[in-house]
Structures are given as structure tokens and as C-alpha cells.
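A quick write-up on the structure given underneath.
Counting from 1, the numbers follow the sequence of the chain as shown. Whatever order the structure lists ligands and atoms in, that order sets their numbers, starting from 1.
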Amino acid sequence: MLAGEQGHATQKAMQILVALGKIYDAEKLIRVSSVQVSGVSYKNLGDAGLEFLSELARDGRARVKTTLNPAGMSLTDWESQGIASRFAEKQLQVIDAYEKLGVDISCTCTPYLAGNEPRFGQHLAWGESSAVAYANSVIGARTNREGGPSALAASLTGRTPLYGLHIQESRVPTVAVDVAAQLRTPEDFSAMGYFVGKTLKDGIPYFRGVGRATLEDLKTLSAALASSGGVAMFHIEGLTPESGLGARSLEALAFTRKELVETDSILNDEGTPDFVSVGCPHCSLAELATLAKLLSGRRVKREFWVCCSREVKRQGDEAGYSRLIEESGAKFALDTCMVVAPVEELGYKVVATNSAKACHYLRNAGLKVRFMPLEECVAEATRSG
Ligand code: F3S
């Protein structure tokens, strides 16, 4: 591959992996079972990214199952989202290049809910930070947090360098977190992830005292830990598959009701929301069920996006949830989300959301944020005046 005998794109991909392997002193390359590519929105890629992709798409082909992170807009309903046609044109060129490369145009940050479900111990090359943390921690698969080019290089070669979280010794906890706060909702897990990520910056936290957690709790915890910090893996005592790696003589951080309340307050700006969005990370079927129940028979009074994958939306259609959600006037934001879409250019000023990760990035984009539970997001969206 490196000699160029298997084409230009494969050679370029192998050059990237060899360079990465040298930087991290990797002993060898290993095969990966799947790839998830981030860096899909034209908002983040720009023309340079599009050019890089188009060049690889001339003769490059994915060698393993490869799925995509959300794009900057719905690929079919971008006009109703208010996306400018120049942006849409460029975004569709990006998608076209990925299609030529043989990548599944799934456009979701929860590939594990939409057909790219790894198994314990499998090696992956995933890019989306929340999915990386979920795959490592909740599933027990092994992946570093790949950048766009290195994930694509893994796809075109089927390989990645052996370093970091692919190695057992790098997966042991580095700090304990004693959870004394009662975590009642996914939003409480999200706030905890935001606090711990912000405090630690990186490392592998080992949570003690959590008790139980749903898929939605773990999904949003993964996202928050990886947004305010660079945490790519965590353990929860008695719950996650590699928590047996232990945390006996570690330094401990406390997460009490005080930190929970303070984090909630840090994530709330002044202002009345003119835009409400849930599904960061993309909604699960259970979240669609809750939304359908909450929105049934009501009308939303302001723009309300429900971000989810096409696969979970399809399941929601079958279960009858999607119809109830859409009848309220809420819109499904498929293929995209409130962060990677150019929401700041659509004229909104204050966004209400139930995701600490979304608050973090929306604020960085210059918007004001209000962090609230899913039920309150619905109340806010349906409130008159
Ligand atoms: Fe997914 Fe967008 Fe949040 S990619 S994790 S919904 S910022």
C-alpha cells in the first residue's frame, strides 16, 4: 500500500497511518472492524477539506464498514431548515465524495443505534468524540479518538496503528469520581460529565456510587465528558464491562449535589429561548417515545428540532412516535444536529437544549444557551408568548 501498488488514495492513507504510528511509537498496524468518520459538515471542512476528500475519492474505496457523522444540514430537507443554497451545494459535494469512497451515508453520531454496533474487544477507528467514549466505555470496544483524515485513512486501508486505547494497559482508570449526588435524569448525567470533563481535562475516570444508568444516561455522559474535556473512556463501578480494571489507590474527585447545582447554573445564560433542540447525541427510540408522549395533542410555538438518525426515525415511524412528534409542529433534524448545522447563521440567539455538550459548542459559536431536562425543553417549545 505504501509503495502505491494499490492506488494513489490507499498510498496517501497509508502515509498518514505510518506518520501517526511513528509519532505514537506504535509497534505495528492492526486491522479494524469498523470506522466512523467525523468532519462531515462543510461548516467544519471548508473548501480545503472538500478538496482533500475529492482527491481521495478518485480511486479510494472503504475496505471496512464505514459510517459518517452528522452533516451541516438535512440531506433532503435543507431548504425547510433555512440553509443557504451555496452551503447546501458544497455540503452535497462532500457527501458525494464520501459516497464515491463507499462510505455509508448514515450521518449520525450514534452509529451504535443505527447498524454500526461494535462488539466487546473489537478494534475500531472512530472519530466522533461522544461515540468514541461510548464505544470504549459502555461496549468495551477499542478506539482512539480519530481525526477526520486518520479515520478515513483507516477506512481506506482497514488498519490503524496500535497505540493508546487499543492497548489494555492504557485503559486502566486514572482517577476516581465519588458520586454522592442523586442522578435522577439523563441531564444529571450530562451535567456530571461536563463537570468531570472540565475538571480533569483528560484521563480515565472511574465513577463510584452511580448505581444504575440507562442507555440515554450513558450516551449523554459520554458526550459531555468528551466536550468540556478530552475524556475518551470512563468506567462505572459494577456497570461498565471493564470496570474490573479497578480503582483502588486512586486520587478521588467528589461530585455532590453542590457540584450538580453549580454546573446546572454555569450552563444557563440569561434570555428567552427562540430555538429548542434535543437529540445531542442523536435521540434513541426511547427518547422518541418520551417526546411523542409529551408532545401528543400539543403545538410547538417556536422552532423545535429533534435530532436523530434516519434509522431511529424509521423505528419511530413504525412505533407511531414520529407522527405524534411531527403533528405538534416539531421538526426532525435528520443527518445533522444543532451544533454542526450553521444555526448561528439562521438568526437564532438563545437555544434551549437538554445536552451539556450542545451548550458547550453552541456557546463557542456565539449563541446563548439554556440547559434543561427534556420535559422542560418541550414545555419551553410549547409555551405561548
Ligand atoms: Fe451528535 Fe451533534 Fe451532539 S454530532 S453528539 S448531536 S453535537
Are Asp178 and Arg208 ion-paired here, with the side-chain N under 4.0 Å from a carboxylate O?
yes
Mark up the atoms of ligand 1 that fall under 4.0 Å of a heavy atom belonging to Glu128, in ascending order.
5 (S)
Going by chain and number, the hydrophobic cluster around Val18 (ILVMFWY, side chain to side chain under 4.5 Å) further includes Met1, Leu2, Met14, Leu17, Leu29
Does the side chain of His360 pick up a donor-acceptor pair with the side chain of Ser228 at under 3.5 Å?
no
Count, excluding waters, the protein N, O or S atoms that are closer to atom 3 (Fe) of ligand 1 than 2.8 Å.
1
Applying the side-chain contact (heavy atoms from CB on, under 4.5 Å) test to Gln315, which of Lys313, Glu318, Glu311 qualifies?
Glu311
Does the side chain of Ser38 pick up a donor-acceptor pair with the side chain of Trp126 at under 3.5 Å?
no
Would you please test Ser106 and Thr108 for side chain to side chain donor-acceptor pair (under 3.5 Å) and show each step?
CA-CA 6 Å; Ser106 47; Thr108 182; over 6 Å; no
